[in-house]
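The structure appears below as structure tokens.
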Amino acid sequence: MKQAEIDHKTTCYHCGNDCADECIEQDEKVFCCNGCREVYSILSQNGLCGYYAYNEYPGVSQVKAGKRLDYLKEPSIIRELTDYSDEKFTIVTFYVPDIHCSSCIWLLEHLNKINPAIYHSRVDFLRKQVNIRFDTQLITLHEVVSLLDKIGYEPLISLQDVVKKQAFDKKDNLVKKIAVAGFCFGNVMLLSFPEYLGISVYEQSFRQFFGWLNLAFCLPVLLYSSTGYFKSAWTNLKNKVLNIDFPLALGITVLFVRTAVEILTHTGPGFADTLCGLVFFLLVGKFVQRKTYYHLSFERDYRSFFPVAVQVIDGANERPVPLSDIQVGQRILIRNNEIIPADAILLKGDARVDFSFVTGESVPVSKVLGEVVYAGGRQTGEAIELEVVKPVSQSYLTRLWNNEAFTRTQENRVQTFSDKVSKYFTFALLLIAFGSLFFWLPFDLPRAISAFTAVLIIACPCALALSTPFTMSAALSIFDKNFFYLKNTAVVEQLARIDTIVLDKTGTITINGETSITAHIAATETERQMIYSVCANSTHPLSRLICQYLDNYIKISTNNYYEAPGRGITADVDGHFIKVGSAKFVNVMQAETSSAKKTEVHISIDEKYIGYFTIQQRYRDGVTSVHSLSLAYKLFLLSGDHGHEREALSSVFPKEDMFFERTPQEKLDFIKQLQQNGHKVMMMGDGLNDAGALKQSDLGIAITDNVNNFSPGSDAILDGRSLKKLPAFLKFSKDALHVVYISFCISLTYNVIGLSYAVSGKLSPLIAAILMPLSTFTIISFTSIATHLAAKRRKLI
Amino acid sequence: MSIIYFLIGCSVLLALVFLGAFFWAQRNGQHDDLYTPSVRILLDDDPDENDSKK
Amino acid sequence: MQPDKFYYDNKIVRNFGIATVIWGIIGMLVGLIVAIQLYKPEMNMHNQYTTFGRVRPLHTNAVIFAFVGNAIFMGIYYSLQRLMKARMFSDVLSKIHFWGWQLIIVSAVITLPLGLTTSHEYAELEWPIDILITIVWVVFGINMFGTIIKRRERHIYVAVWFYIATFVTIAVLHIVNSVEIPVSFFKSYMVFAGVQDALVQWWYGHNAVAFFLTTPYLGMMYYFLPKMANRPIYSYKLSILHFWALIFIYIWAGPHHLLYTTLPGWAQSLGVVFSVMLIAPSWGGMINGLLTLRGAWDKVRDDVTLKFMVVGLTAYGMATFEGPMLSLKQVNAIGHFTDWIIAHVHVGALGWNGFLTFAILYWLVPRIYKTELYSKKMASFHFWIGTLGILFYAIPMYWAGFTQGLMLKEFTPEGILKYPSFLETTMRILPMHVMRSVGGALYLTGVIVMAYNLYKTAVQGKLVANEAAEAMPLPKLNPEAGTERWHRRLERKPIWFLIASLIVILIGTFVELMPTLTISSNIPTIASVKPYTPLELQGRDIYIREGCVNCHSQTVRPFRSETERYGEYSKAGEFVYDHPFLWGSKRTGPDLQREGGKYGNSWHYNHLMDPRLMSPGSIMPNYDWLITQKLDTTSTAAKIRAMQKLGVPYPAGYDKIANQDLDKQAKGISADLAKDHIKVKSNKEIVAIIAYLQRLGTDIKAGKTANN
């Protein structure tokens with residue numbers, strides 16, 4: 001408690017950040033920035049200080065550039081964003097990444113106190129969404145958003161708000177089906193046990209009563225809960241595939257028919273409990289298999305990265321225009337930190353564009369008037385005006401999404417193990433079934449039939465069908481404990497199968513925008529000015545970096561400037577011959593040997609060695625562990641930027657396997673090439689420029705530092721922190737697959753045991769009723785335990 | 001023991017009512033968000049507490 | 001648009017709170033008295049109205065329906081309003097509910113000592129009160145569903161689901177188990193007989209425990225525990241899963257109360273299976289509760305309410321584990337009929353229900369009085385003495401249970417019973433009974449301290465009778481979120497709910513007619529089993545009035561130890577005329593199923609006058625008033641007619657001549673007594689009860705059994 005007291009002096013009352021340097025005070029509370037103070041004063045004016053009662057420092061720091069929200073006034077955009085709207089009220093759902101504690105919930109659900117025109121607001125904490133219903137007459141969407149922004153909960157608005165969509169597409173009633181199956185299962189057990197517990201002869205009437213009830217309970221299970229299996233079995237048959245659903249559907253049918261017959265003819269109790277149990281467990285298996293990460297989306301494309309609208313200038317006035325309506329020839333205005341949505345010609349202003357998302361090149365590039373600026377670049381510095389030359393969808397970067405890699409559907413990409421097995425399984429099953437049928441047929445018909453049905457019942461691959469889901473879902477949750485989020489359980493198998501790993505550089509193995517440059521030069525002011533002048537001529541990122549470093553010099557004119565690509569520059573600056581470039585180019589005898597993973601630019605003036613700059617990219621601490629993979633996997637580096645770190649990275653990748661200056665399209669094709677050579681390729685990337693490759697690869701992993709931020713469409717999202725665990729992940733995925741294999745064997749043995757009863761046509765309901773749950777529970781417990789142990793071995797838990 | 005018919009009847013009927021309840025809950029979206037409500041009950045909306053802060 | 005301003009009704013909560021405390025003290029005091037009577041029979045103050053057999057039901061009813069009942073309503077009325085963000089549907093209904101419930105309790109307090117009882121455990125109250133209960137319960141239901149319908153919070157928190165389940169299920173159970181046909185305003189006969197009656201009773205009995213002592217408390221736990229710890233429940237998902245699982249399994253565990261009786265074997269085993277299954281959902285709840293406090297144990301250290309909660313949950317866990325264990329046949333063979341069951345029940349009652357109630361009171365009273373708790377010291381004193389009380393109560397009872405259970409089963413190497421006299425085993429466990437009453441006393445002390453503490457708290461604060469609150473009105477569902485049909489249906493749904501539960505109640509009432517159809521049941525009949533003679537019938541009703549069933553069972557289980565001790569084991573066919581069944585659930589004294597003809601009439605006369613004359617050291621109270629009180633034969637005719645309605649084959653018009661037979665038999669007995677120089681008029685109650693005792697279990701000996 002004491003500690004807290006002291007903290008209060010120096011930490012922001014709103015966000016808890018340290019604000020020792022510049023403190024803003026209000027009501028003897030300190031704030032780290034005006035943003036935080038503003039939020040506080042808004043809340044206190046509206047009597048919402050309860051916000052601070054529930055948690056200490058509930059707020060999020062407000063030090064960030066104010067965004068332009070004018071586009072929210074555009075009717076067309078409003079239509080896009082709202083869920084529902086009429087003249088009375090409007091409903092809109094926002095994705096608010098900053099939602100993080102109970103105070104957030106409290107505040108966001110009390111918006112009405114700040115502005116009574118907001119009727120109602122509900123937070124979904126896990127999805128980080130707030131659903132707002134406001135009076136269409138009294139307040140506009142724009143005002144609502146700016147209100148949210150003011151109180152520190154800026155919604156993340158993008159045209160393709162996938163996260164929001166997830167809320168609605170939960171339109172299937174698996175849960176209901178489970179409920180029905182479970183309910184019937186329970187009651188059927190109740191009514192079947194008397195049979196097993198020895199109901200006596202003079203209680204025949206009960207027998208029949210229970211039988212009828214059982215039959216009644218089977219109907220909803222057959223007609224409602226198990227429909228999915230019949231549908232899928234049917235569709236698969238039409239596509240000439242035998243997947244596991246076929247024997248399941250077959251088993252269910254036979255179970256029901258035989259139960260019905262036995263009960264109606266009073267020849268036996270039937271298999272009602274087995275039937276209901278089977279369906280129930282199967283559905284539960286389906287349920288655990290489906291894991292949803294509310295706050296993640298694997299389907300994002302450039303639209304969720306590009307702005308919703310762009311300022312278009314026609315004549316005097318400028319207005320926001322939705323991205324989709326941007327036409328060629330329009331004049332657009334791009335401010336600092338905004339993204340250029342379409343290929344355009346620079347008309348006005350000093351464009352210094354950061355293409356890191358497109359090329360992976362982290363250093364901003366200057367563009368001269370009249371030059372074409374590719375879409376996806378982010379302007380840094382003053383506002384610029386450009387003229388659109390290509391529609392958004394046809395631009396350099398976005399063209400990627402027209403590639404067939406994106407039109408391809410996910411499903412036929414993965415052919416899971418169980419699919420392969422179940423084909424053979426089904427054949428074997430039918431073989432045995434008919435075998436026993438024809439074996440008995442000559443002697444006694446009823447026995448033949450009962451044997452036939454018994455086989456189909458007992459061999460119904462319930463346990464088989466459950467092995468994969470339970471193992472994989474267990475694996476999935478292990479992964480996401482380690483910040484590795486897989487799209488679905490099939491991805492685990494993919495992970496186990498890949499043999500080639502392709503990595504993007506910037507943002508993947510390096511951390512975005514963290515380049516440091518240090519000078520080791522003994523140069524006078526004039527000399528520094530000369531160096532600056534020389535480098536200023538070059539568009540090479542390293543030159544640009546040096547210029548950035550040696551800022552505020554006046555450029556002196558240079559003569560006979562010569563740039564040797566990838567090696568260096570030479571030029572004369574008022575009589576002095578200046579060399580800038582690699583050690584070899586400047587021919588330095590390596591006195592001060594360069595350490596790995598550093599890029600160096602050496603400088604000599606009049607052949608006199610001055611010194612060198614070291615440019616260093618911050619690498620993720622996982623890089624070395626990635627190297628360790630080179631034993632088991634083929635490793636490639638596929639980077640969009642210049643090769644000036646070839647040296648540095650040679651410790652991780654074999655030289656010949658590093659490729660630089662690759663356009664997004666080339667990256668995609670490279671992957672395709674590998675696949676044609678029969679490789680199973682895993683692509684790891686972060687930027688839009690990798691999107692194509694990620695999609696094309698057998699397994700695309702998007703790396704990100706903040707899972708709520710943009711990440712290109714992929715099969716899995718990996719939190720940068722966990723890159724070092726990649727080898728463990730790969731090993732673990734293989735373990736998981738082995739668990740599946742073993743559990744398959746187990747369930748097969750169960751089937752064999754059952755069959756030995758079945759073929760003889762002497763299958764008592766009791767045996768079925770015992771075998772089915774028994775095998776199920778064995779599988780469930782085995783898979784979950786085994787997976788857990790494997791994870792322990794890989795140090796993932 | 002014909003009472004058993006009756007008791008089973010009652011139990012099943014009761015169970016059916018609850019099943020109906022479950023269906024309603026599912027339809028109504030009672031189970032859409034299975035976290036926020038558990039936090040929401042901790043937040044009480046006591047007007048004076050707010051006014052006092054004004 | 002401005003939020004609705006409205007007020008939570010705290011007055012009703014306060015009232016139920018007061019009732020909880022007062023009835024709690026009374027009920028536990030009565031409990032203490034009956035506990036002492038189990039080793040000092042004189043504690044009945046030589047007065048029939050305060051004798052164990054009559055007062056024990058008073059204790060159970062007082063603690064279950066008065067103490068726990070009021071506590072439930074207190075908790076529901078407090079949490080429901082806040083969870084639904086609405087005042088209770090109707091203040092009038094709230095008042096009716098409150099006073100109606102108190103009226104029920106008071107009438108129980110009056111009728112039970114008078115010996116007006118149906119002898120159905122936990123449902124002893126006679127039919128007029130049953131009807132009153134039904135009415136009040138429906139009032140409660142309307143009030144609750146009304147509130148749910150006009151709620152301002154769309155999501156129905158899991159606690160409320162538990163409340164709903166409680167209401168619906170208890171409604172059905174109560175009605176089914178109260179199917180009785182009135183003889184007079186204060187006397188009725190259960191419609192079902194023997195085995196069937198037993199099954200109904202324990203189907204009810206078990207589910208009463210499930211849905212009156214468990215589900216509402218789980219609901220309150222899910223609301224108050226997070227509030228007290230100021231952190232959300234560990235896993236809300238689990239709590240929902242837990243709810244639905246519990247609801248669907250609980251209903252059929254009943255038969256485990258009838259193991260080794262003449263209930264069909266498969267029905268018994270069924271009870272066992274489902275009881276065992278129950279562990280999962282029960283523990284789901286407990287674990288969810290305890291894990292909520294993970295990382296907050298420091299809070300627990302200095303917050304007494306949380307201490308109560310933790311112990312309460314632990315007790316729940318123990319009880320719900322022990323229950324299924326006890327339902328295993330082997331364990332049950334030893335545990336059943338002994339003090340073990342008493343221990344089991346009280347771990348649940350004192351630990352789970354008691355402690356949760358106290359926790360809620362300590363948390364809630366200061367809040368509605370806008371003040372601090374008067375004394376934290378006293379509260380923690382209450383906690384410790386209460387815990388101590390539970391230990392002092394449970395441990396000796398377990399001990400006593402094992403001891404007696406094993407002694408009764410023990411054989412000498414020669415193969416004869418080691419302890420042929422039941423009394424010997426009873427004497428052995430008397431010390432434990434003494435300790436138990438000490439434990440009870442400790443627990444009661446704690447409650448009294450709490451009462452004082454809460455009183456002081458109330459005095460120092462001021463009741464906020466109507467607590468201001470505000471919330472936005474419930475908006476229509478997002479039209480985009482689903483089809484119109486769905487949207488419109490939705491608004492009606494809560495009403496559907498009410499309708500559904502009403503249907504269930506109607507189904508329950510249709511039972512009242514149904515039995516007449518089911519009377520002719522396919523129980524293996526025994527030719528030699530004949531209806532009771534009028535005198536025996538009257539005697540049986542005295543047996544019921546005096547609550548003999550509270551200490552003496554009437555069912556011999558098929559163990560050698562029991563057949564040796566009591567005689568041939570019971571057959572279903574023997575009970576076909578028993579309206580109600582009198583199998584009992586506890587053997588403080590020996591079983592009486594085969595009592596008939598074991599001793600002479602004079603033995604019974606003397607034994608009833610002063611048990612210690614016949615069996616020195618017996619803890620059975622004197623029933624000397626039976627000798628002085630005159631048997632009321634005016635009711636005979638009505639009773640015979642009632643029995644005839646229930647299918648007991650008395651010859652037509654027998655009701656008119658019944659009393660002649662009665663006199664004849666009575667005279668015979670008094671003459672027989674006279675031989676032993678006992679002068680007693682034939683019109684005394686003792687004659688009737690002797691007649692009944694002598695009849696017990698003799699039919700089967702008489703004729704050859706035509707058993708299936």
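Each chain gets a letter, A, B and so on, in the order its sequence line appears, and its residues count up from 1.
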**Q.** Separation of C/F224 CZ from B/I41 CD1 (nearest 0.5 Å)
**A.** 10.0 Å
Q) Side chain, backbone, both or neither: which part of C/A165 has a non-hydrogen atom closer than 4.5 Å to chain B? A) both
(Q) Please report the interatomic distance CZ(B/R40) to CG(C/L83), rounded to the nearest 0.5 Å. (A) 12.0 Å
Q. Looking at C/H155, C/R82, C/E153, which has the largest count of heavy-atom pairs under 4.5 Å with chain B?
A. C/H155
Q: Tell me, with the steps shown, if C/R154 and B/N28 meet side-chain contact (heavy atoms from CB on, under 4.5 Å).
A: CA-CA 9 Å; C/R154 165 152 282 113; B/N28 184 307; 3.9 Å; yes
(Q) Please check this pair: side chain of C/K237 against backbone of B/Y35, looking for a donor-acceptor N/O pair closer than 3.5 Å. (A) no
Q) Of all heavy-atom pairs between C/I156 and B/Q30, which one has the smallest distance, and what is that distance? A) N-OE1, 2.7 Å
Q. For the residue pair C/F243 and B/F18, does the interplanar ring angle fall in the parallel (under 30°), tilted (30 to 60°) or perpendicular (over 60°) class?
A. perpendicular
Q: Considering non-hydrogen atoms only, spot the tightest contact between B/S38 and C/Y157 and give its length.
A: CA-CE1, 4.1 Å
Q) For C/P226 and B/L42, which heavy atoms make the closest approach, and how far apart are they? A) O-CD2, 3.5 Å
Q: Nearest 0.5 Å please: distance from the CG atom of B/L34 over to the CD1 atom of C/I240.
A: 5.0 Å
